[in-house]
Number of protein chains: 2
Amino acid sequence: MKTTRQRAILSLIATRPVHSQEELAHMLEQQGYEVTQATVSRDIKDLGLAKVPLRNGNGNGTQFKYVEPGLGKGYASRLHRVIAELVRDCRGSVNQIVLRTPPGSAMLVASAIDEAAWPEILGTLGGDDTVLVIIEDPAKLPVVKQRFEDMRSEDPL
Amino acid sequence: MKTTRQRAILSLIATRPVHSQEELAHMLEQQGYEVTQATVSRDIKDLGLAKVPLRNGNGNGTQFKYVEPGLGKGYASRLHRVIAELVRDCRGSVNQIVLRTPPGSAMLVASAIDEAAWPEILGTLGGDDTVLVIIEDPAKLPVVKQRFEDMRSEDPL
DNA sequence: ACGCCTGTTGCATAATTATACGAAATATGT
DNA sequence: ACATATTTCGTATAATTATGCAACAGGCGT
C-alpha cells in the first residue's frame with residue numbers, strides 16, 4: 001500500500017540519514033516493501049521531502065540526505081536538532097550511554113529522546129549537564145551510540 | 001568572486017522559484033557571472049541549499065526549486081531558535097518579563113538571552129521552568145516582549 | 001623570481017533522479 | 001458482472017546533478 005510505505009519512508013529518514021533513493025529502496029525492501037527507485041522518487045515528490053547537502057566532517061565526497069521540510073534547517077527530526085545542538089560528548093558502557101550537555105540542558109535532551117521513543121531505549125535520566133540513556137540490550141548499544149554520533153556529526157550545513 | 005556570486009544566488013532563489021541548476025546558471029549569466037552548472041552545483045553545496053518538490057496544483061510535470069533551509073521559516077540566530085523551541089509562554093509587568101519553558105530548560109533559555117546581550121535587558125535569572133528577564137526601562141518592556149513573541153510565533157515544529 | 005600551497009573553475013563524465021509509456025491493479029458507474 | 005476510469009508501478013530512458021581531474025590564479029615565504 002502506498003500510504004503505509006510512505007509512512008515507513010518518513011520513519012526511516014527520521015532515524016538515520018538516507019543518502020540516495022536507491023538506498024531508501026533497499027531499506028524499504030528489508031521491511032518487505034519491494035519497490036524500485038522510480039517509485040521512491042514519486043513517493044518523495046508526494047511527501048514533499050527535501051534533499052539537503054550534508055556537511056561531512058572529513059574532506060570531499062559530499063553526501064546528501066532527505067528530510068521533511070518544515071523542520072527548521074535540515075534536521076530530520078526534533079531529536080536530531082536537539083542532539084546536534086546540545087550534545088557535547090557521547091560515551092557508553094554495557095547498556096548505558098552517557099551524554100554530556102551544556103549546564104541546564106540535560107533534561108531537555110532527555111525528554112527529546114523520550115519523545116522519539118526508540119524501541120532499543122528503555123528510558124532516560126536527565127540531570128543538569130548529563131543524560132543517562134538506558135539501552136534494553138547491551139548488544140544494541142553500539143547501534144544506538146552510532147546513531148547519536150551520526151546526528152552529532154552529520155549536521156546539515 | 002565566489003562569495004558575491006553566492007550572495008546573488010541567495011537573492012535569486014528568494015525572489016523567484018529556480019527549477020534547475022542550469023536555469024540558475026543562466027540567471028547568473030544575465031547578471032554578469034559566467035559560470036557553468038558544475039560551479040552552481042558546488043555553490044549550492046556550500047550554501048546548504050535544499051531542493052524541494054513544488055506541489056504544482058495542476059497537472060503532472062513536477063518541478064522543483066532550491067530553498068535556503070531554515071531561513072524561510074527559520075531562525076535568524078541561536079536566540080531565535082532557542083526561544084522558538086522552548087518558550088511556552090511570555091508575560092510581563094513593569095520592568096520584568098517572565099518566560100515559561102519545559103522543565104529543565106529555563107537555564108538554557110536564560111543563557112541564550114544573556115549571550116544575545118540586548119542593551120534593553122539588565123539581566124536574567126533562570127530557574128527550572130521559568131526565566132525572569134529584567135528590563136532596564138519599563139517603557140521598553142513592550143518592545144522587548146514583542147520581540148520575544150515574534151520569535152516564538154515562527155516555530156516551525 | 002621561484003617554488004609551493006590553497007582555492008576556484010571548466011570539462012567531461014559518472015551518479016543520481018525524474019518521467020513517458022505501457023501494463024497491471026483498483027476503483028466507479030451501469 | 002462488465003466496461004470504463006483512475007491509480008500505481010516497473011522498465012527504460014531522459015534530465016539533472018555531482019565530481020575527478022587538470023588548469024589556472026592568488027598568496028606567502030625564501
Side-chain angles (χ1 to χ4, degrees), chain A residues 1-13 16-69 74 76 154-157, chain B residues 1-13 16-69:
Chain A
M1 191 59 151
K2 196 170 114 181
T3 41
T4 70
R5 181 186 63 235
Q6 294 188 342
R7 210 157 322 175
I9 289 177
L10 289 180
S11 164
L12 279 172
I13 67 169
R16 69 205 73 183
V18 177
H19 306 104
S20 76
Q21 298 184 357
E22 289 285 1
E23 183 179 337
L24 191 45
H26 291 145
M27 287 175 172
L28 287 170
E29 196 176 3
Q30 291 186 334
Q31 299 199 1
Y33 304 95
E34 278 202 17
V35 286
T36 61
Q37 171 267 326
T39 297
V40 171
S41 170
R42 290 185 270 249
D43 283 343
I44 283 178
K45 181 180 72 180
D46 285 351
L47 293 167
L49 301 185
K51 183 194 188 190
V52 298
L54 292 176
R55 174 183 67 207
N56 221 346
N58 56 37
N60 36 19
T62 315
Q63 284 187 323
F64 297 81
K65 73 172 177 181
Y66 289 90
V67 302
E68 268 185 279
E154 297 207 25
D155 234 0
L157 278 176
Chain B
M1 189 59 160
K2 196 172 116 179
T3 41
T4 70
R5 181 186 63 236
Q6 293 188 343
R7 216 163 326 209
I9 289 176
L10 290 180
S11 164
L12 278 172
I13 67 169
R16 67 203 85 181
V18 177
H19 307 105
S20 78
Q21 298 183 357
E22 289 285 0
E23 183 180 338
L24 191 45
H26 291 146
M27 288 175 173
L28 288 169
E29 197 176 3
Q30 293 187 334
Q31 299 198 2
Y33 304 95
E34 277 200 17
V35 286
T36 61
Q37 171 267 325
T39 297
V40 171
S41 170
R42 288 185 270 249
D43 283 342
I44 283 178
K45 180 180 73 181
D46 284 352
L47 293 167
L49 300 185
K51 184 194 187 188
V52 298
L54 291 175
R55 302 199 174 288
N56 225 344
N58 54 39
N60 36 20
T62 314
Q63 284 187 325
F64 296 81
K65 72 171 177 182
Y66 287 92
V67 300
E68 216 176 339

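Below, read A as the first sequence line, B as the second, and so on, with proteins coming before strands; counting in each chain starts at 1.
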Sugar-phosphate, base or nothing in reach of E34(A), heavy atoms under 4.0 Å: sugar-phosphate
Sugar-phosphate only, base, or nothing, as touched by V35(A) at under 4.0 Å among non-hydrogen atoms: sugar-phosphate
Can you check the [X] [atom1] to [N] [atom2] distance for me, whole Å?
X	N	atom1	atom2	answer
L24(A)	dT16(C)	CG	P	14 Å
E22(B)	dA14(D)	CD	P	17 Å
F64(B)	dT16(C)	CZ	P	17 Å
Y33(B)	dT8(C)	OH	P	15 Å
K45(A)	dC9(D)	NZ	P	12 Å
I9(A)	dC9(D)	CD1	P	10 Å
H19(A)	dT16(C)	NE2	P	12 Å
D46(A)	dT17(C)	CG	P	16 Å

Side chain of [X] only, please: which of [options] is the nearest?
X	options	value
S41(B)	dA18(D), dG10(D), dT17(D)	dA18(D)
S20(B)	dT17(D), dG10(C), dT17(C)	dT17(D)
Y66(B)	dT17(D), dG10(C), dA12(D)	dT17(D)
T39(B)	dT17(C), dT9(C), dC9(D)	dT9(C)

Residue met sooner reading DNA chain C from 5', once D43(B) and V40(A) are mapped to nucleotides: D43(B)
Quiz item: R42(B) side-chain donor-acceptor pair to dG10(C) base, under 3.5 Å: yes
Any Q37(B) side-chain nitrogen or oxygen under 4.0 Å from OP1 or OP2 of dC11(C): no
Any R5(B) side-chain N or O less than 4.0 Å from OP1/OP2 of dT8(C): no
K51(B) to Y66(B) - nearest heavy-atom pair and separation: CB-CE2, 3.8 Å
Contact summary for P53(B) and L49(A), nearest pair of heavy atoms: CD-O, 3.1 Å
Minimum side-chain heavy-atom gap L28(A)-L12(A) below 4.5 Å: yes
Heavy-atom side-chain proximity of H19(B) to F64(B) below 4.5 angstrom: no
From CD (Q37(B)) to CD (Q21(B)), nearest 0.5 Å: 5.0 Å
